Visitor: 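Sharing a structure below in structure tokens format, with a few things to ask.
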Amino acid sequence: MSIYDTAVTRYFEAWNADDADAREKAVAAAWAEDGSYTDPLADARGHQALAEVIAGAREQFPGCVFEQAGAVDGHHRIARFRWELRAPDGSAPVAGSDVATLAEDGRIRAVLGFLDRVPTA
């Protein structure tokens, strides 16, 4: 598994962690201490803020799971990947594309997220 695949796997583990303790551990494994996440709806820096953004998304979409959609593309410690938010009924009401830069230790330094599909109502 490449450093890019590993980083993205950890990223999804953090986004899919249901309880606060598991989420804190997953965020620490996925992101560098000063790591950040920015998309049209959020701008977070540091483990606590990242865990709060993820908790908010989990509350907004209960029972949904973030899934990787396609392969990870990476070079020069930059990873690009697509994802979908899969609902219990199998639908994917939200989808996006993210670009992540990795720190020397392979954890995420920054994620820039783009929402490709969002619910209309």
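If you read the sequence from its start, that first residue is 1, and numbering goes on from there. Note that the coordinates shown come from a computational prediction; the quantities given were computed from them, not determined experimentally. Hydrogens, waters and symmetry mates are skipped; everything else that's a heavy atom, side chains included, is used.
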Visitor: Testing the basics here: between I54 and A14, what is the closest heavy-atom pair and its distance to 0.1 Å?
Guide: CG2-O, 3.5 Å

Visitor: Treat each ILVMFWY residue as a node, draw an edge where side-chain heavy atoms are under 4.5 Å apart, and state whether V8 and L115 are in one component.
Guide: yes

Visitor: Establish whether W83 and F114 are linked, either directly or via other cluster members, by ILVMFWY side-chain heavy-atom contacts under 4.5 Å.
Guide: no

Visitor: Flag the pair D98 and R80 as a salt bridge only when some basic side-chain nitrogen lies within less than 4.0 angstrom of an acidic carboxylate oxygen.
Guide: no

Visitor: Looking at the rings of W15 and Y37, which for Trp means the six-membered one, are their centres under 6.0 Å apart?
Guide: yes

Visitor: Check whether any side-chain heavy atom of F66 lies under 4.5 Å from a side-chain heavy atom of V94, and answer yes or no.
Guide: no

Visitor: With the side chain counted from C-beta on, respond yes when N16 and R58 share a heavy-atom pair under 4.5 Å apart, and no when they do not.
Guide: yes

Visitor: Who are the ring pair (Phe, Tyr, Trp, His ring centres under 6.0 Å) partners of F81, not counting sequence neighbours?
Guide: Y11, F12

Visitor: Of all the heavy-atom pairs spanning A79 and V72, show the shortest one and how long it is.
Guide: CB-CG1, 4.1 Å

Visitor: State, to 0.1 Å, how close A42 and V53 come at their nearest heavy-atom pair, and which atoms those are.
Guide: CB-CG1, 4.0 Å

Visitor: Where is the tightest heavy-atom contact between A28 and H47, given as atom of each residue plus distance?
Guide: CA-CE1, 3.5 Å

Visitor: I need the Y4 OH to H76 NE2 distance, nearest 0.5 Å.
Guide: 8.0 Å

Visitor: May I have all residue pairs that pass side chain to side chain donor-acceptor pair (under 3.5 Å) and include part of residues 20-32, sequence neighbours excluded?
Guide: none

Visitor: Can you find a pair of side-chain heavy atoms, one from E104 and one from R77, that are under 4.5 Å apart?
Guide: yes

Visitor: Determine which pairs satisfy salt bridge (Lys or Arg N to Asp or Glu O under 4.0 Å) with at least one residue from residues 27-49, sequence neighbours left out, and list them in order.
Guide: D34-R109

Visitor: Could you give the distance from CG (L112) to OG (S97), rounded to the nearest 0.5 Å?
Guide: 12.0 Å

Visitor: What are the two closest non-hydrogen atoms of A32 and A103, and how far apart are they?
Guide: CB-CB, 4.4 Å

Visitor: Treating S91 as the side-chain partner and A87 as the backbone partner, does any N or O pair qualify as donor plus acceptor under 3.5 Å?
Guide: no

Visitor: Are any non-hydrogen side-chain atoms of L102 and I3 less than 4.5 angstrom apart?
Guide: yes

Visitor: Quick one: CD1 on I78 to CG on D73, what's the gap to the nearest 0.5 Å?
Guide: 10.5 Å

Visitor: For E84 versus A69, what's the shortest heavy-atom pair and its separation?
Guide: CG-CB, 4.2 Å

